[in-house]
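Have a look at the structure below before the remarks.
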Amino acid sequence: MSSPQRKRAKSEPADVQKVADKTSKPLKVPEEKMPTKKKAKGTAPRRKSSTKASTIEEERTGTQKNVYTYWLMKSEPESRLENGVDMKFGIEDLKGQPNQTACWDGVRNYQARNFMKDMKIGQEAFFYHSNCKEPGIAGIMKIVKEAYVDHTQFAKKDAHYDPTSQQENPKWFMVDVQFVRMTKRFISLAELKRYYQEQAATGGPLKNIALFTRSRLSVQPLTKEEYEFILSLEDVKT
DNA sequence: GCCAACGTTGGC
DNA sequence: GCCAACGTTGGC
């Protein structure tokens, strides 16, 4: 599982996080077994992803340092129970939080986590509605706190409790996000897919977009070009 | 380190 | 509700 959970209001957990920050012994954080993305069976060879240079390793893992400065984060706007907990957290829910801010907890996928660790204060992210009637981009938020320990991994009653994670060496992290605005119109997955398919064939800013090339990731990076192209769709009449 | 079995994501 | 895609686990 890995879909972000019920995000929490920004005030409640403030205490839990000292745990990992300053442990006395610098225990070697095993930069975790990043699931080395071995070439998926039967998939077309990954092509080079943009004008920016990338290392072999970056290319292999599909990550590039310092290239992505925009993000897309998925959350479910409709009720669905997981371990008895309602997963619903749409953009309206974010808007309704104190300070319109929430922590993006519940991410349980290493790639998604690592992207969150790369996030910097002030960077913008699309709020994407997933697993719902109309999947797509509903709004824009920004990073207001960089990665810190996701306390829900230690909470037995949490939908995303991780019994394998230890206090001294937490596996999972989250960021805080703040609502910025709704997009001028809802930009559906179906619409984005049409652009993607066209541009994958003939070229264009969305030709490698993670939303389709790595569709199951719940936290995805966007290049500036991808982000700006999608933003330009706001003014396209449909 | 390989890979089959299993589990999850998330569109349809 | 189905199921393709793909991440994770564990036996060997």
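A, B, ... follow the sequence lines: proteins, then strands. Residue 1 opens every chain.
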Describe, in one word, how the ring planes of A:F115 and A:Y68 are oriented to each other, choosing from parallel (under 30°), tilted (30 to 60°) and perpendicular (over 60°). perpendicular
When the distance from CD of A:E82 to P of B:dG10 is rounded to whole Å, what number comes out? 11 Å
Atom CG of A:L72 and atom C1' of B:dG10 are separated, to the nearest Å, by 13 Å
Any idea which of B:dG11, B:dC12, C:dT8 is nearest the A:Y110 side chain? C:dT8
Can you tell me how far C1' of B:dT8 sits from CD of A:E76, to the nearest Å? 12 Å
Using 30° and 60° as the class boundaries, would you call the ring planes of A:F186 and A:H129 parallel, tilted or perpendicular? tilted
For A:N131 and C:dA4, give me the distance from atom CG to atom C1', rounded to whole Å. 15 Å
In whole Å, I'd like the distance from the CZ atom of A:R113 to the P atom of C:dT8. 10 Å
For the pair made of NZ in A:K74 and C1' in B:dT8, what is the distance, rounded to whole Å? 12 Å
Within this structure, what is the NE2-to-P distance between A:H129 and B:dC12, rounded to whole angstrom? 17 Å
Can you check whether A:K193 has a side-chain N or O nearer than 4.0 Å to OP1 or OP2 of B:dC12? yes
Sorted by chain and number, sequence neighbours left out, side-chain contact (heavy atoms from CB on, under 4.5 Å) with A:Q199 holds for A:Y195, A:P205, A:L206, A:K207, A:F229
